[in-house]
Structure formats: structure tokens, C-alpha cells
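Notes follow the structure.
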Amino acid sequence: MALLHRATLHPTKLDLLTAWLPTRQWYAGPTGVEVVSRGAYRFDDPDGEVGIETMLVGAPDGPVHHVPLTYRAAPLDGADSWLVGTTEHSVLGRRWVYDGCVDPVYAAALAHAILTGSGQAEQYFEVDGRREVREPTVTVVVDGAAAQVPAVGAVRRVVDEDRTLIATDTVELVVVRRPGAGADGSTGGTLSGRWDGQPTTVPLAYARMR
């Protein structure tokens, strides 16, 4: 389960992505235009230290882009070139926002979600000591046999293209950056999703054991 805070961020996540997305070679939208959210889903960090959110965003009239983000209380060593930006969280303080594809916590969460069939985390707020569930804006499904997932460990290599490859010692992951843009030829267990404006389910990510 993913615990959310009723909080404000400055700058907002969309502000950060508006500036950062045009710097990515796989971005297909216009520059100088504020991006909008089409939906999002979350995974849970078992240690409760790193926030993991994957956003579907794009220019109002442009294609949708699939962007995993991790939120950290301190910089991630060796990941400066993957930093989306920093933001001030009204509850948690300064947060370092990274492209999740380089973050080992995201890699482990994605592998677990696909290879065990667990999918996305339930999202909730704590309100007066009781749990208030937040309905997801992306419906996620997993196609793949349940398996025991080994420790993922460090991210050894990232090839950041239209299909971003994440290689670890035990698992190989693929993140589809522009879902629904066409067949991508990837294999393995599949994480797919649909959201408002995307009525059919399309692949978002793949995982396979190495």
C-alpha cells in the first residue's frame, strides 16, 4: 500500500516535467508547452523510504509519455544526469525527483509487480486515524506467471530510448516511453494499463529473468 500525504509541492511535478521532458530524446511533443497529467499509478517501497509514482503525461494535443518517478529525501549517488528536479513538499520537506529508470528501488518494485502479478499499490490517505482509499486514475493489469523474484540489486545499465532498457544482475526490464504508439517487440511478463482517453489496454513495461 502507498501512503499519500495531503500536501502541496513547489514547484509541482508537472512544472518539473514540463522543463525536463523536452531534454529526453524519446519525447515527441512540442516544447514550451505545459504538460498535463493523463493519470498515474504507484508502487510501494517496502522500506517506506522512497516514493514511487509513474505518471502518464503529455502536451494537451500531443502523445502520452510514460514517466516513472522516484521521490527521495536525499540525492541518489551517481544519478545526477537522471535528476528531474527538486521540489519542496509541505509535509516531507525537500524531495529529489528522479527518473525512476535509474533508481534500484523502482527497478525492484517494477520487477516485483510484474513477475509476481501483484500490479500497482493501493493508494490511501490517513484521515483522523482511519484509512481513506484513493481511487487510481490508471487501471493496471499484469500478464505473466507468478514467480519468486530474486533480489534485484543495483541497476547495472540503462539504455534510454523509446523503449528504455533497465539491466540488473538478475532481471531485465523494459519501460515503454510512448505507450500505444505501436508494436515494440518486447517479450516477458507484461504490465499494461488504460486511463481516461485510452480506452484499450496497452503495454507499459516488461520484465524477464536473466
Side-chain angles (χ1 to χ4, degrees), residues 2 4-43 50-72 75-76 79-92 94-103 105-107 109-110 120-121 123 134-140 158-166 173-182 184 191-205:
L4 308 179
H5 298 276
R6 297 190 185 279
T8 58
L9 282 78
H10 183 76
T12 68
K13 291 174 281 189
L14 291 176
D15 288 339
L16 293 178
L17 289 173
T18 293
W20 178 80
L21 274 172
T23 70
R24 304 296 97 183
Q25 64 88 16
W26 42 263
Y27 178 65
T31 60
V33 177
E34 292 186 3
V35 299
V36 296
S37 174
R38 306 297 187 186
Y41 61 97
R42 286 184 177 259
F43 299 138
V50 178
I52 309 170
E53 180 180 26
T54 301
M55 299 186 67
L56 283 302
V57 299
D61 298 320
V64 173
H65 297 79
H66 183 222
V67 187
L69 299 172
T70 56
Y71 308 115
R72 288 177 164 267
L76 176 62
D80 289 355
S81 62
W82 299 86
L83 181 68
V84 176
T86 59
T87 186
E88 295 296 329
H89 190 288
S90 61
V91 175
L92 301 175
R94 177 161 294 184
R95 308 299 283 176
W96 280 257
V97 183
Y98 288 94
D99 181 340
C101 291
V102 77
D103 196 317
V105 175
Y106 170 74
L110 179 60
Q120 67 181 307
Q123 303 175 42
R134 179 185 183 186
E135 293 300 322
T137 52
V138 177
T139 300
V140 167
V158 180
V159 181
D160 193 29
E161 298 177 346
D162 292 353
R163 295 182 305 121
T164 296
L165 172 70
I166 307 167
L173 305 161
V174 172
V175 173
V176 180
R177 291 298 197 170
R178 295 199 304 277
D184 54 61
L191 180 83
S192 301
R194 59 182 172 83
W195 53 93
D196 187 26
Q198 176 60 49
T200 59
T201 300
V202 294
L204 298 173

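The shortest side-chain heavy-atom distance between H65 and W26 falls under the 4.5 Å cut-off. The shortest distance between side-chain heavy atoms of F43 and P68 does not fall below 4.5 Å. Side chains of T87 and K13 form no contact here, defined as non-hydrogen atoms less than 4.5 Å apart. The shortest distance between side-chain heavy atoms of V138 and L56 falls below 4.5 Å. Contact of the V97 side chain with the W20 side chain is not registered, since no non-hydrogen atoms from C-beta on lie closer than 4.5 Å. Contact check for L173 versus L165: no side-chain heavy atoms found under the 4.5 Å cut-off. Using a 4.5 Å heavy-atom threshold, the side chains of Q198 and T200 count as touching. Proximity of L69 to V84: side-chain heavy atoms (C-beta onward) are separated by under 4.5 Å at one or more points.
In this structure, S192 and P203 approach most closely via the heavy-atom pair OG-CA, 3.6 Å. For the residue pair P11 and L16, the shortest heavy atom distance occurs at CG-CD2, 3.6 Å. The two atoms that bring V202 and P179 nearest to each other are CG2-CB, 3.9 Å, heavy atoms only. Across all non-hydrogen atoms, the minimal contact from A28 to P63 is CB-CG, 3.8 Å. Counting all heavy atoms, side chain and backbone alike, H66 lies closest to Y41 at NE2-OH, 2.8 Å.
In this structure, the separation between OH on Y98 and CD1 on I52 is 15.0 Å, given to the nearest 0.5 Å. Going from atom CH2 of W195 over to atom CZ of R38 covers 10.0 Å, rounded to the nearest 0.5 Å. H10 contributes atom NE2, which lies 9.0 Å from atom CD of E88 (distance to the nearest 0.5 angstrom). Atoms OH and CG, on Y27 and L21 in that order, are 6.0 Å from each other to the nearest 0.5 Å. Distance check: L110 CG to I166 CD1 gives 6.5 Å after rounding to the nearest 0.5 Å. Atom OH of Y71 sits about 12.0 Å away from atom CG of D103, to the nearest 0.5 Å.
The pair R177-E161 does not count as a salt bridge, with every side-chain nitrogen at least 4.0 angstrom from each carboxylate oxygen. A salt bridge does not link R24 with D99: none of the charged nitrogens is closer than 4.0 Å to a carboxylate oxygen. Looking at R178 and D162, a side-chain N of the basic residue comes within less than 4.0 Å of a carboxylate O on the acidic one, giving a salt bridge.
Proximity of a side-chain donor or acceptor of D15 to a complementary backbone N or O of T12 within less than 3.5 Å is detected. Remark: the backbone N or O of A40 is paired with a side-chain donor or acceptor of T137 at under 3.5 angstrom.
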Report task. Decide yes or no on side chain to side chain contact (heavy atoms under 4.5 Å, CB included) for V176 and L204, but give the supporting numbers first. Result -> CA-CA 5 Å; V176 180; L204 298 173; 5.6 Å; no
Report task. Determine, stepwise, if the pair V57 / V67 fulfils side chain to side chain contact (heavy atoms under 4.5 Å, CB included). Result -> CA-CA 8 Å; V57 299; V67 187; 4.1 Å; yes
Requested in this report: Walk me through it: do D160 and C101 pass the test side chain to side chain contact (heavy atoms under 4.5 Å, CB included)?
Outcome: CA-CA 8 Å; D160 193 29; C101 291; 5.6 Å; no
Query - Verdict with supporting geometry, T54 and Q120, side chain to side chain contact (heavy atoms under 4.5 Å, CB included) - result: CA-CA 10 Å; T54 301; Q120 67 181 307; over 6 Å; no
